[in-house]
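What follows is a short report on a single structure.
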Amino acid sequence: MTKAKQTLVSHPGKKSFAEKIVDFIGRHLYRLFFQVEIRYPKRLPKKGPVLILAKHCSNHDVPLGLPAIKRMFRRKDVWAIMKDSLANPWFLGIFLKAGGIPINRENPTLSKTQLLFAREVLYQDQIMIIFPEQTRIPEAMGEGKSAGFRFIAGKPQEPLAVNCIGYEYKKGRWRDKVTIRCGKTKYFHRGDNAEQFLHKRMLEIAWLSNLQYPFAEPKKRKTKTS
């Protein structure tokens, strides 16, 4: 499926020419500047919805990551939450038409419709990428924001496949090296605590990125007793 049902928001849908442009940049042009190594487990979901939680180090993450994720999962359709400025006209809508869903990071409540669209796309058996840190943080880990994860994952009827992606950039003499690592598939269940689940995934993202996650585990919510 290259175009998700558009029942919630005016989105142009994915366009093959835009996907090919981003794919060409990541697969070929970026190889002039980066030596890319991709590491991933043998068994990854080949069908059904997959939510990917990715480290955000650099503006290079998306052009490098999209082709890598397609290779890992052997799937064509990959969508990603992106900052709304990338949907501005001077980018010619390339990122939007390549599967980007723009979100207002400063005030996410203004993007409720787009977040609902992202959830709908995910549960049409697509791959959806979100960056839990919600901003670029090179050479360190930012705190994972659970609101976006909780909203998009929702309350899945069936366990939702979740994979973590880490990036590790190293300076090189002629080309920088980037290692993109994918963790084993975990499953988010309807009754799981979103904050606790995300905290464990942030620890995993840090490990995949060869970084430390310095933030404390969120306190478990107390259950009401009658």
Please answer whether the main-chain N or O of P45 pairs with a side-chain N or O of K47 as donor and acceptor at a distance below 3.5 Å. no
What one should report as the nearest heavy-atom pair of G144 and L198 is C-CD2, 4.0 Å
Residues Y169, D61; criterion side-chain hydrogen bond (donor to acceptor under 3.5 Å, both in side chains); working and verdict: CA-CA 10 Å; Y169 289 87; D61 296 343; 2.6 Å; yes
Is the shortest distance from a Lys or Arg side-chain nitrogen in E168 or K55 to a carboxylate oxygen in the other one below 4.0 Å? no
Walk me through it: do I38 and M72 pass the test side chain to side chain contact (heavy atoms under 4.5 Å, CB included)? CA-CA 8 Å; I38 303 171; M72 293 175 189; 3.4 Å; yes
Does a salt bridge link R190 with E158, judged by any charged N lying under 4.0 Å from a carboxylate O? no
Check: G172 main-chain N/O paired with D176 side-chain donor or acceptor under 3.5 Å: yes
Give the C-alpha distance, both sets of side-chain angles, the deciding distance and a yes or no for ring pair (Phe, Tyr, Trp, His ring centres under 6.0 Å) between F215 and H199. CA-CA 9 Å; F215 302 96; H199 180 76; 8.8 Å; no
One pair to check against ring pair (Phe, Tyr, Trp, His ring centres under 6.0 Å): F73 and Y40. What are the steps and the verdict? CA-CA 9 Å; F73 288 83; Y40 55 100; 8.3 Å; no
Using a strict 4.0 Å threshold on nitrogen-to-oxygen distance, state whether E143 and K145 make a salt bridge. no
Where the side chain of R39 meets the backbone of I180, is there a donor-acceptor pair that is under 3.5 Å apart? no
In this structure, would I165 and Y187 fall into the same cluster of hydrophobic residues linked by side-chain contacts under 4.5 Å? no
Residue among K76, R75, E19 satisfying side-chain contact (heavy atoms from CB on, under 4.5 Å) with K70: E19
Do the non-hydrogen side-chain atoms of Q126 and W79 ever get within less than 4.5 Å of each other? yes
Just so I know, are the side chains of V162 and L53 near enough to count as touching, which here means a heavy-atom distance under 4.5 Å? yes
Counting only N and O atoms by type, is there a donor-acceptor contact under 3.5 Å from the side chain of S58 to the main-chain atoms of H60? yes
